[in-house]
**Student:** 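One structure follows; several queries about it will come next.
In this text, all values refer to a predicted model and were calculated from it rather than measured experimentally.
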Amino acid sequence: MVSSDSVNSRVETLAGSGISTIPKEYIRPKDELVNIGDIFEQEKNNEGPQVPTIDLKEIESDNEKVRAKCREELKKAAVDWGVMHLVNHGISDELMDKVRKAGKAFFDLPIELKEKYANDQASGKIQGYGSKLANNASGQLEWEDYFFHCVYPEDKRDLSIWPQTPADYIEATAEYAKQLRELATKVLKVLSLGLGLDEGRLEKEVGGLEELLLQMKINYYPKCPQPELALGVEAHTDVSALTFILHNMVPGLQLFYEGKWVTAKCVPNSIVMHIGDTLEILSNGKYKSILHRGMVNKEKVRISWAVFCEPPKEKIILKPLPETVSEEEPAMFPPRTFAEHIQHKLFRKSQEALLPK
């Protein structure tokens, strides 16, 4: 039985209700409103810095010079930006299209059917269909619904909560997760070498094949009648080691680079990759976990498929690797488990929300 309260709490329901003004819980604080603009106009802007595009075609080339050039470009983007468009990443356009179609088909279902997959954050059941709960200190909400589930390794998945409709959702998503995991290994190898480490070191430090979790969050951003007042996802850095993002070619991702918000272009057939806090900590700040946010608009629904590669919550102590620390560059981060790092970020955010604006 689906309660009317849960249905009414969905942003999709709100967006489809015919409202012309959004509830106050969705309106961002004044200091944020000054830089929320028209995302379509901002995406056309070719002036100033642009998110780098990294071509991975030669990442494992037999030609040493060609291979080194490709790897150096990836490392440079990780150091300078911490985010990049990856092209020629080895995942077929056909598979990416299947994933996008399957995810869209789920969100196209009537809300009553989607509610069968509803999560229950209050009881700790975080996998499934949901919407952002209010931060108790600030009461702020984001203009999105989502579906969240662990997609890899196979023995950590709970297929009972994966959408049964459309029929190919499980097959497409499982294959995509498997291929993303292979891509993560290639990237971690390059980033390890970029720190002067053995090529398998970072992979080992984040849990290896058995323990590194891939968690998928499909973000669904309905049309918003007042996009200049709201955000789909508020400014944050990812706690993951790496995050890979597919989207439906509707712009919305913004990065805070050199003191300004930069809008990411929509690059066909690319996957956006973020360096997360975990790699920033292990590299002692050499690789950047960049502040970013998701914008909304009144013309098109935006959907993005974010896959977070996360170390095990308790088994590994995250701290700058000894090789990245010296007298000139002391450790920038205290030792913490992944779970402790998440709690640290949540606590800090809740304390900031209590401060007078």
Side-chain angles (χ1 to χ4, degrees), residues 26 28-37 39 42-43 45 48-54 76-86 132 135 137-138 140-144 146 191 215 217 219 221 227-245 247 251-266 271-296 302 304 306-310 318 320 332-334 336 338 341-355 357:
Y26 293 91
R28 305 308 303 178
K30 282 182 182 175
D31 58 337
E32 286 183 56
L33 294 178
V34 294
N35 52 45
I36 297 179
I39 193 65
Q42 290 169 336
E43 200 232 358
N45 183 12
Q50 304 290 330
V51 176
T53 295
I54 305 300
K76 185 175 187 304
V79 169
D80 293 349
W81 279 83
V83 66
M84 61 205 81
H85 302 283
L86 301 181
K132 173 78 182 283
N135 176 322
S138 64
Q140 209 70 57
L141 291 170
E142 296 166 339
W143 195 263
E144 70 150 350
Y146 64 82
L191 295 176
Q215 313 257 31
K217 183 170 176 248
N219 300 297
Y221 307 103
E228 70 281 2
L229 298 180
L231 286 175
V233 174
E234 62 190 10
H236 66 286
T237 61
D238 289 351
V239 294
S240 59
L242 297 169
T243 304
F244 296 99
I245 303 173
H247 57 75
L253 174 63
Q254 287 193 329
L255 302 308
F256 196 66
Y257 182 75
E258 294 185 342
K260 290 184 179 173
W261 286 105
V262 175
T263 299
K265 303 284 186 196
C266 289
I271 295 176
V272 175
M273 186 184 80
H274 286 272
I275 301 293
D277 296 351
T278 296
L279 285 192
E280 182 176 65
I281 291 166
L282 291 172
S283 70
N284 200 27
K286 291 174 177 61
Y287 297 140
K288 303 289 186 296
S289 180
I290 194 169
L291 192 69
H292 57 283
R293 66 186 186 183
M295 310 288 280
V296 293
R302 181 170 185 260
S304 68
V307 175
F308 305 98
C309 303
E310 299 183 350
L318 294 179
M332 295 169 59
F333 306 94
R336 288 192 182 106
F338 186 61
H341 175 66
I342 294 170
Q343 286 306 311
H344 165 71
K345 287 189 79 167
L346 291 173
F347 175 77
R348 191 174 62 194
K349 187 178 157 196
S350 65
Q351 294 306 298
E352 287 170 357
L354 291 169
L355 296 171
K357 294 284 187 269

**Student:** Has His292 got a side-chain atom pairing as donor or acceptor with His236's backbone, closer than 3.5 angstrom?
**Tutor:** yes

**Student:** Without swapping roles, check the side chain of Ser289 against the backbone of Asp277 for a donor-acceptor pair under 3.5 Å.
**Tutor:** yes

**Student:** Side-chain donor-acceptor pair under 3.5 Å between Asn219 and Lys217, yes or no?
**Tutor:** yes

**Student:** For the backbone of Ala77 and the side chain of Lys288, can you confirm whether one donor and one acceptor N or O come within less than 3.5 Å of each other?
**Tutor:** no

**Student:** Evaluate the side-chain proximity of Arg28 to Gln140: yes if any heavy-atom separation is below 4.5 Å, no if none is.
**Tutor:** yes

**Student:** Between the side chain of Glu234 and the main-chain N/O of Leu141, is any donor-acceptor distance below 3.5 Å?
**Tutor:** no

**Student:** Can Met295 and Leu231 be said to form a side chain to side chain contact (heavy atoms under 4.5 Å, CB included), step by step?
**Tutor:** CA-CA 5 Å; Met295 310 288 280; Leu231 286 175; 3.6 Å; yes

**Student:** Can you tell me how the ring of Trp143 sits relative to the ring of Tyr26, calling it parallel under 30°, perpendicular over 60° and tilted otherwise?
**Tutor:** perpendicular

**Student:** Would you call Ile275 and Lys286 a side-chain contact if the rule is heavy atoms closer than 4.5 Å?
**Tutor:** no

**Student:** Test side chain to side chain contact (heavy atoms under 4.5 Å, CB included) on Trp261 and Arg293 and set out the steps.
**Tutor:** CA-CA 9 Å; Trp261 286 105; Arg293 66 186 186 183; 3.6 Å; yes

**Student:** For a quick test of reading the model, state the closest non-hydrogen atom pair linking Glu144 to Gly232 and the distance between them.
**Tutor:** CG-O, 3.5 Å

**Student:** Is any side-chain heavy atom of Thr263 closer than 4.5 Å to a side-chain heavy atom of Gln254?
**Tutor:** yes

**Student:** Supply the atom-to-atom distance Glu280 CD to Leu318 CG, rounded to the nearest 0.5 angstrom.
**Tutor:** 12.0 Å

**Student:** So, the side chain of Ser240 versus the backbone of Thr278: is there a donor-acceptor pair under 3.5 Å, distance only?
**Tutor:** no

**Student:** Do Glu43 side-chain atoms and Cys266 backbone N/O form a donor-acceptor pair below 3.5 Å?
**Tutor:** yes

**Student:** His247 versus Leu253: any side-chain heavy-atom pair under 4.5 Å?
**Tutor:** no

**Student:** Identify which one of Thr237, Leu279, Ile290, Leu242 satisfies the side chain to side chain contact (heavy atoms under 4.5 Å, CB included) criterion when paired with His274.
**Tutor:** Ile290

**Student:** Just wondering, do Val51 and Lys265 contact through their side chains at under 4.5 Å, heavy atoms?
**Tutor:** no

**Student:** Roughly how far, to the nearest 0.5 Å, is the NE2 atom of His341 from the CD atom of Glu310?
**Tutor:** 10.5 Å

**Student:** What are the two closest non-hydrogen atoms of Ile245 and Ser304, and how far apart are they?
**Tutor:** CG2-CB, 4.1 Å

**Student:** When you compare the side chain of Thr243 with that of Cys309, does any pair of heavy atoms fall below 4.5 Å?
**Tutor:** no

**Student:** Run the side chain to side chain contact (heavy atoms under 4.5 Å, CB included) test on Val272 and Val83 for me, step by step, so that the C-alpha distance in whole Å, both residues' side-chain angles and the decisive distance to 0.1 Å come before the verdict.
**Tutor:** CA-CA 7 Å; Val272 175; Val83 66; 3.9 Å; yes

**Student:** Contact between Val233 and Tyr221 at the side-chain level, heavy atoms closer than 4.5 Å - yes or no?
**Tutor:** yes

**Student:** Enter the distance from Asp80:CG to Glu258:CD here, rounded to the nearest 0.5 Å.
**Tutor:** 8.5 Å

**Student:** With a 3.5 Å distance limit and no angle check, can you tell me whether Asn284 reaches the backbone of Met332 through a side-chain donor-acceptor pair?
**Tutor:** yes

**Student:** Could you report the tightest heavy-atom contact between Val262 and Pro49, atom names first, then the distance?
**Tutor:** CG1-O, 3.4 Å

**Student:** Are Phe244 and Met273 side-chain neighbours, meaning at least one heavy-atom pair lies under 4.5 Å?
**Tutor:** yes

**Student:** Looking at Tyr287 and Leu191, would you say the former's side chain and the latter's main chain have a donor-acceptor pair under 3.5 Å?
**Tutor:** yes

